[in-house]
Amino acid sequence: MSRFIKKMPNIKFPKYKMSGIEEIEELQVEYTPEKLAELQQKNTRKRDTYYPGTDYKTIKEVFDRSTTIFKDRTFILEKFNRKGSFEEVTYGRFRKDVVELGTGLTRAFKLQGEKILVLGETTYEWYVSYMALLCGAGIAVPTDKELPDNELENVIKRSEAAAVIYSPKKKDQVKKVANKCPGVRYFMEMYSDAGIEGRFVGLDYVMNEGEVITDCGDSSFMEIPVDPEAFAVLLFTSGTTSQSKGVMLCNRNLAANINAITPYVMLYPEDRMFSVLPLHHTYESTIGFLYPMAMGASIAVCQGLRHIVNDMKDTHPTAMLAVPLLIETLYKKINQTIDKSGKTKLVKSMIHVTNALQNVGVDIKRKVFKDIHESLGGSLRIIVSAAAPVEPAVGKWIEDIGIFFLQGYGLTETAPISAVTPDFDRRVGSAGKTVLCDQIMIKDPNENGEGEILIKGDTVMLGYYKDPEETARAVEDGWFNSGDIGYIDEDNFVYITGRSKNVIVTQNGKNIYPEELEGLLSHVEEIKECMIYGKEVAGEKELVITVRAIPDYERIAELHGEGLSEEDIYKLIWEQIRQVNRKVSNYKTIKKLEIKKGEFEKTSTQKIKRYAELKNNSDVEEAAEQ
């Protein structure tokens, strides 16, 4: 039931003027052969040039260094009052709060070494809580805030949590499950200074207790030794193909992720990360939090998807992590705005011109596409996509307007990065280049070099919590089986073609990867989202390739007019599917269409829970057959 985006809001951008292009001085230059040769000579950066890397052993080491060196710099920007403006918290303030919370948890509440669950939306005290735990206060259990009561109760019990730290928005839910979780000693509410009342207490009260102790000269918290190999974080996977498993990570895993990224992607103290994904997932908590902290950069907290455009304008981020659904939504909305502004032909022609100039070392994309950049805050230079494949055409377009498009690959079990695109060697379509501290191998590759992706190295988890049998199935001789299908090119770039558990095998042994067909269907404007699967049909030996689709009713009305019947909509979508079928081999063609009325059940990183979706046909109508 875990969802990051329950429903994408109607994101709106202002109309683009795209004026003044003729005034850009670089377009007035006569590019003679001599001038082009001079520019090409300047464009000399080697593709295999790495940035200076880091060699952290623990996150506490990162925390101590960054909060000392960058103590006066802004770290977190957040709207603590929705009607107010963004407020800035410095690294120095963050250090003080972490130390006081850590001291309160360990000295006043005697929770050192215990598992402590953190539940809530992205907010400053979530960051403080997680960091205090990583620095030695206990074992962190970051938890999806969208879990229903029964699943939250299950996670609390399975993790054997001694305390639960929760945001005020989760107060009612926590009170519901508290009586069913007698093993929890304390329930601590963020932004509350309420004293102890039974098992409930305010987190600010805990911090205040820690402040009293540290003011008396107690420095024990920062003196707690952190073993890089010790169990430090417990994360329950949401799983698209099976029930959740408890992933055990250590400080070495998280520190290795920072060490893995620094040679490939450079963030500077002047950079600002835009946090729009849930912090309970390793993608955001490691790459969107720990990595920018290590580099002295700042983090702006998005106040919700419907506020994304205004929040970007207010905070001017330079980098953003996102999942494909969000990236593709922004791409569609921006291009629809360009179309409504009557600038589609102009934008296409300027992409062609600016790409040609960029090839000889003249980069004027940010000037030419200034209106688009301004609508994204004006400073965005990096978008990183992960969690699922993104359509290459979308990534290419992002590059075309002057923003670096990077991809990361990994799983919760690798904390999460095992491959990432170097910002100096970007290859749209790849999931990234294997990081230096890991190895990636293809198991039993076929004639195309495709096979199951195995990962070995410093980022690989300790194992599954209290599940040695499942751990043994997943990790053999140190190699973790990702469950993904893909191949690796000669430069160590990884390409994902599907999930091994999703693959549809035909009677004559042909493999069909749903992700390939879903990528083609992502261009169909009449389809909001879809899922391909092999449907069992009575009397048929072969699985029938079926698409379950959610129509984009708003876009359909814009393109085809209001008042269309359901039958009309079926026909419109089926006609688009027929066009897609012409682009693939006959054995891959989609034979059936199902219209889904509701939303897909998803994980927090927006992967459709296929196994759960196929059990629920209550809001699905079969519409057509080829």
Side-chain angles (χ1 to χ4, degrees), residues 2-9 11 238 240-241 274-278 281-284 287-288 302 305 308 319-336 376 380 382-401 403-412 416-421 426-432 482-486 494-499 502 513-525 527-532 547-550 552 555 580 599-610 613:
S2 164
R3 294 188 178 96
F4 160 50
I5 303 173
K6 294 179 181 177
K7 185 178 180 182
M8 281 299 302
I11 298 171
S238 39
T240 59
T241 56
F274 191 64
S275 179
V276 68
L277 301 182
H281 195 278
T282 49
Y283 181 27
E284 183 67 23
I287 312 307
C302 179
L305 287 173
I308 190 169
M320 178 175 73
L321 305 183
V323 291
L325 179 59
L326 176 57
I327 293 171
E328 289 166 3
T329 297
L330 291 173
Y331 163 78
K332 287 179 180 179
K333 293 296 183 182
I334 290 172
N335 276 283
Q336 287 171 15
L376 296 170
L380 193 65
I382 297 173
I383 291 178
V384 188
S385 175
V390 71
E391 180 60 26
V394 176
K396 175 69 166 57
W397 185 86
I398 291 170
E399 286 273 334
D400 284 342
I401 64 167
I403 297 173
F404 287 2
F405 179 74
L406 312 181
Q407 289 209 245
Y409 170 69
L411 303 94
T412 304
I417 295 297
S418 294
V420 67
T421 308
R426 304 183 303 283
R427 304 189 187 186
V428 174
S430 165
S482 69
D484 290 317
I485 300 293
V494 179
Y495 293 81
I496 308 299
T497 54
R499 286 285 297 174
N502 298 340
Y513 298 110
E515 294 82 1
E516 177 189 357
L517 296 173
E518 288 163 1
L520 293 172
L521 290 170
S522 70
H523 294 293
V524 176
E525 293 191 78
I527 295 177
K528 182 180 177 183
E529 286 187 86
C530 69
M531 180 189 82
I532 296 286
V547 58
R548 184 169 292 186
I550 300 174
D552 188 335
R555 189 61 178 152
V580 168
E599 299 291 324
F600 285 122
E601 186 172 337
K602 296 176 185 172
T603 71
S604 59
T605 52
Q606 288 313 276
K607 297 174 187 175
I608 296 171
K609 288 189 174 182
R610 295 173 188 266
E613 182 61 38

What are the two closest non-hydrogen atoms of I608 and C530, and how far apart are they?
-> CD1-O, 3.7 Å
Rounded to the nearest 0.5 Å, what's the gap from CD on E391 to NE2 on H523? Could you check?
-> 3.0 Å
Can you tell if the side chain of T412 reaches within under 4.5 Å of the side chain of H281, non-hydrogen atoms only?
-> yes
Taking only residues two or more places apart in sequence or in another chain, which ones pass side-chain contact (heavy atoms from CB on, under 4.5 Å) with V580?
-> L520, L521, V524
Residue pair V276 / L305, side-chain heavy-atom distance below 4.5 Å | yes
Which heavy atom in I327 sits nearest to a heavy atom in V384, and how many Å separate them?
-> CD1-O, 4.5 Å
Any chance you could measure L330, atom CG, to N335, atom CG, to the nearest 0.5 Å?
-> 11.0 Å
Test salt bridge (Lys or Arg N to Asp or Glu O under 4.0 Å) on K528 and E599 and set out the steps.
-> CA-CA 10 Å; K528 182 180 177 183; E599 299 291 324; 3.3 Å; yes
Note: L321 and G288 closest approach over all heavy atoms is CD1-N, 3.4 Å
For A386 and P324 the tightest heavy-atom approach is O-CD, 3.2 Å
Can you find a heavy atom in the side chain of R555 that is under 4.5 Å from one in the side chain of Q336?
-> yes
Given the rule in the side chain to side chain contact (heavy atoms under 4.5 Å, CB included) test, do E529 and L325 qualify, once you have shown the distances and angles that lead to the verdict?
-> CA-CA 9 Å; E529 286 187 86; L325 179 59; 4.2 Å; yes
Are E328 and V390 close enough that some pair of their side-chain heavy atoms sits under 4.5 Å apart?
-> yes
Identify which one of I382, I383, V428 satisfies the side chain to side chain contact (heavy atoms under 4.5 Å, CB included) criterion when paired with L406.
-> I382
Are I527 and V547 side-chain neighbours, meaning at least one heavy-atom pair lies under 4.5 Å?
-> no
Find the distance between CG (L326) and OG (S385) and round it off to the nearest 0.5 Å.
-> 9.5 Å
What residues, two or more places apart in sequence or in another chain, satisfy side-chain contact (heavy atoms from CB on, under 4.5 Å) together with A431?
-> Y409, I496
L380 and I403 have their tightest heavy-atom pair at O-CG1, 3.7 Å
Of all heavy-atom pairs linking E284 and S275, the shortest is OE2-OG, 2.8 Å
F274 side chain near I308 side chain, heavy-atom distance below 4.5 Å = yes
